[in-house]
Amino acid sequence: MQFDSESTPGFAIGRIAYLMRIRMEAVLKQAEWPFTPDETQTLITLADMGEPLSMNDLASRMVRTPTTVKRQLDRLVDHKFIKRSVSPKNARILMVGLTSRGEKKLRTELPLLDDLRKSALQVITKTQVAEIQKVLQKMQSNLANHALKD
C-alpha cells in the first residue's frame, strides 16, 4: 500500500496544529501566563460568546468531550478566571462564564496571540484565509457526520 502523507490534508493540519500549539505555549510561557493553550482557548471561546454557556455547549463549540472541558474549567475556577453557576432555566445544567478578572487578564494576552496568528498568516491573502476557513469548516462538518463502519 502506497500512502503519500505530504498530499493528505489531515497530516498537514496535524503538523500546523502541533506547530501552533508549541509556539502558543512558548508565547504564553514567556508572558508568564498560567494556562495551557487549551485552557486559553476555553477562555477565548467564552469571551467570544459574551455570555455564560452550559458545559455541554462549551464542549461542543470547542470540539472536546465534556470531561476534558470540566478538567480545564477546574483550573480556571481555581484562578478565578471563570465562574460556574446554575442555569436559571434548568437547575441540573451548570453554566460557565468569564469573571471580570478573567476578561481583564485575557485582554492582556490576546495581543500576544494575535501576533502569533499574524506571523502564521504572513503572505497569505484575506481571500485565501476565507477560503481556508470555508474548507476547514466543511471538513469539520464532514468528520462530525462521518459514520463509523463496523
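This structure is a prediction, so every number in the text was calculated from the model and none was measured. Scope of the values below: all heavy atoms of this structure, side chains included, with no hydrogens, waters or symmetry mates.
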Subject >> Those residues that, when tested against Arg84, pass side chain to side chain donor-acceptor pair (under 3.5 Å) (two or more places apart) >> reply: Asp74

**OP:** Could you name each residue pair satisfying ring-ring contact (aromatic ring centres under 6.0 Å, His included) that touches residues 85-117, not counting sequence neighbours?
**Re:** none

Counting only pairs under 3.5 Å, give me each side-chain donor-acceptor contact of residues 100-108, with atom names and distances, residues two or more places apart or in other chains.
residue	atom	partner	partner atom	Å
Arg101	NE	His79	O	2.9
Thr108	OG1	Lys105	O	2.6

**OP:** Give every residue pair that meets the ring-ring contact (aromatic ring centres under 6.0 Å, His included) criterion with at least one member in residues 94-128, sequence neighbours excluded.
**Re:** none

Got a list of side-chain donor-acceptor pairs under 3.5 Å for residues 15-28, not counting sequence neighbours?
residue	atom	partner	partner atom	Å
Arg21	NH2	Asp38	OD1	3.0

Subject >> Ser87: side chain to side chain donor-acceptor pair (under 3.5 Å) partners, not counting sequence neighbours >> reply: none

Original post:
Transitive ILVMFWY cluster of Met95 at side-chain heavy atoms under 4.5 Å: who else is in it?
Top reply: Ile93

Subject >> ring-ring contact (aromatic ring centres under 6.0 Å, His included): pairs with one or both residues in residues 40-77, sequence neighbours excluded >> reply: none

**OP:** Could I get the full list of side-chain contact (heavy atoms from CB on, under 4.5 Å) partners for Thr125, not counting sequence neighbours?
**Re:** Thr127, Gln128

Original post:
Of all residues at least two apart in sequence or in a different chain, which pass the side chain to side chain donor-acceptor pair (under 3.5 Å) check with Thr36?
Top reply: Glu39

Original post:
Is there a side-chain contact between Asn56 and Val69, using heavy atoms and a 4.5 Å cut-off?
Top reply: no

Would you give me the side-chain donor-acceptor pairs under 3.5 Å for residues 45-55, sequence neighbours excluded?
residue	atom	partner	partner atom	Å
Thr45	OG1	Gln41	O	2.9
Ser54	OG	Asp57	N	3.0
Ser54	OG	Asp57	OD2	3.3

**OP:** Any ring-ring contact (aromatic ring centres under 6.0 Å, His included) involving residues 98-135? Give me the pairs, sequence neighbours left out, ordered by first then second residue.
**Re:** none

